[in-house]
2 protein chains.
Amino acid sequence: MTASADLIAPADGLDRDLGWAIGVVSRGYRQRAMGAVEGLPAGPRGYHVLCAVSEGVPRSQLALARRLGLDKTVMTHLIDDLEQAGMVTRRPDPRDRRARQVVITADGARALVQAREQVAVAEAGLLAGLSAEESRALRALMGRVARQAQASAGQAGDSAASDCA
Amino acid sequence: MTASADLIAPADGLDRDLGWAIGVVSRGYRQRAMGAVEGLPAGPRGYHVLCAVSEGVPRSQLALARRLGLDKTVMTHLIDDLEQAGMVTRRPDPRDRRARQVVITADGARALVQAREQVAVAEAGLLAGLSAEESRALRALMGRVARQAQASAGQAGDSAASDCA
DNA sequence: TATTGTTATACTCTATAACTATA
DNA sequence: TATAGTTATAGAGTATAACAATA
């Protein structure tokens, strides 16, 4: 730095700039997570799609897009990549010939298990400065804020939130 | 796992997928903040630059970039936009003819005060589902994680973190 | 030789519109 | 008329390399 010494506030004044903290944490997570899901196509987003696909009954691309808060055009490309990598397959919905059900393959399930482990490691690294209790508190609070944010953003949200971990 | 029904966790299992929550919260914040800083150029990033510029002694563009964890090439464009809007000015550093000091103008200071108020409103909206104590806890925890993430990412970080709010 | 700042380039993520085939 | 999916396009955000001026 050029010269300074008199910063306006002490170090903990950052607590009040939530947006700044969110941006930094988000970038930090993305960097770590990108390494963790290296084996998957489309990076962290492909990982989350795979998570959603593996959740329960096969869903349409549109249902997946709504679940993840993404646009359907984005979902097309993500499914393209995952299908090309042999991790999911598209099959026609017998009850609606417009729709396609997306199902995970054995390879996809294997890759997902592996990715989950490495993502857990990456998350732990990100929260390394926090105690176990603080980590739990942060996860819970962020989860609540995220659910509310998604509910208020995309009104067509599904019932439950992602359980992927 | 192909067509199962046995989900691993109930709805609150999302607590464990921190990355997902971070992404949703980050997007939600950006949407709200973009409206809040509408009067500033370059959106939330211009706002944060203006925050950093107004902090203390004038700093060089490179110092600002390091402080915000951005690349110096990004900083060039951000300062361009802010200068064109009349909110900051570049002036030569008398002690280093390579460097330029970035200082805030009266217009910039006025715009920043106004933006801060609206950003506070946006943040409050994002955390509307949390109690006052929970909000404080989340801000504190996110701040700690952010400081550590920035410290481990850009080793050349400054001493203090942003106090902008 | 290293650093400050600029420019140019490319790649990713995101947003939008237009089109098809079904309903 | 509305919906599921695809394609194409344009805009941000980010990362990198190359360059000029100065240290």
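All values below were derived from every heavy atom in this structure, side-chain atoms included, with hydrogens, water molecules and symmetry-related copies excluded. Every chain is numbered from 1 and lettered A, B, ... according to where its sequence line falls, protein lines coming before strand lines.
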Might you work through the side-chain contact (heavy atoms from CB on, under 4.5 Å) test for B:E117 and B:V113, ending with a clear yes or no?
CA-CA 7 Å; B:E117 291 172 11; B:V113 168; 4.1 Å; yes
Steps toward side-chain contact (heavy atoms from CB on, under 4.5 Å) verdict (B:R45, B:V74):
CA-CA 10 Å; B:R45 327 231 337 267; B:V74 175; 3.0 Å; yes
side-chain contact (heavy atoms from CB on, under 4.5 Å) between B:L68 and B:M75, intermediate numbers included
CA-CA 9 Å; B:L68 293 175; B:M75 191 55 62; 4.0 Å; yes
Yes or no on side-chain contact (heavy atoms from CB on, under 4.5 Å) for B:L127 and B:R139, after CA distance, side-chain angles and deciding distance?
CA-CA 10 Å; B:L127 303 186; B:R139 287 172 186 275; 4.1 Å; yes
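Judged by distance alone with a 3.5 Å cut-off, no donor-acceptor contact links the side chain of B:T76 to the base of C:dT7. If you check distances only, the side chain of B:R97 never reaches the base of D:dT22 with a donor-acceptor pair under 3.5 Å. Judged by atom type and distance alone, B:T73 reaches the base of D:dT16 through a side-chain donor-acceptor pair under 3.5 Å.
Put simply, CG on B:D80 is 12 Å from P on C:dG5, counting in whole angstrom units. Atom CG of A:L70 is separated from atom C1' of C:dT12 by 14 Å (rounded to the nearest Å). Atoms CG (B:L68) and C1' (D:dG13) sit 15 Å apart, rounded to a whole Å. The distance between atom CE of A:M34 and atom C1' of C:dC11, rounded to the nearest whole Å, is 12 Å. If you measure from atom CE of A:M75 to atom P of D:dA4, you get 13 Å, rounded to the nearest angstrom. Atom OH of A:Y29 is separated from atom P of D:dT14 by 18 Å (rounded to the nearest Å). What separates CD of B:Q101 from P of C:dT4 is a distance of 14 Å, to the nearest Å. Rounded to an integer number of Å, the gap from A:K72 NZ to C:dA18 C1' is 10 Å.
Counting any heavy atom pair closer than 4.0 Å across all strands shown, A:R95 reaches no nucleic acid atom. Nucleic acid contact class of A:D96 (heavy atoms, under 4.0 Å, all strands): sugar-phosphate only. B:R27 comes within 4.0 angstrom of nothing in the nucleic acid, heavy atoms only.
Residues A:L62 and B:A42 both approach DNA chain D. Their nearest nucleotides, taken by heavy-atom distance, put A:L62 toward the 5′ side. A residue-by-residue look at A:D71 and A:G43 shows that A:G43 has its nearest nucleotide of DNA chain C further toward the 5' end.
At least one side-chain heavy atom of B:I22 sits under 4.5 Å from a side-chain heavy atom of A:L126.
Counting only heavy atoms from C-beta on, A:H77 has its side chain closest to D:dT7 among D:dT7, C:dT6, C:dC13. Distance from the side chain of A:S60 is smallest to D:dA4 among C:dG5, C:dT7, D:dA4. In the set C:dT22, C:dT4, C:dT16, the nucleotide with an atom closest to the side chain of A:R98 is C:dT22.
Between C:dT6 and B:R90, a contact under 4.0 Å exists linking OP1 or OP2 to a side-chain N or O. For the pair A:R100 and D:dT6, the criterion of a side-chain N or O lying under 4.0 Å from OP1 or OP2 is met.
A:D71 and A:T73 share a side-chain donor-acceptor pair at under 3.5 Å.
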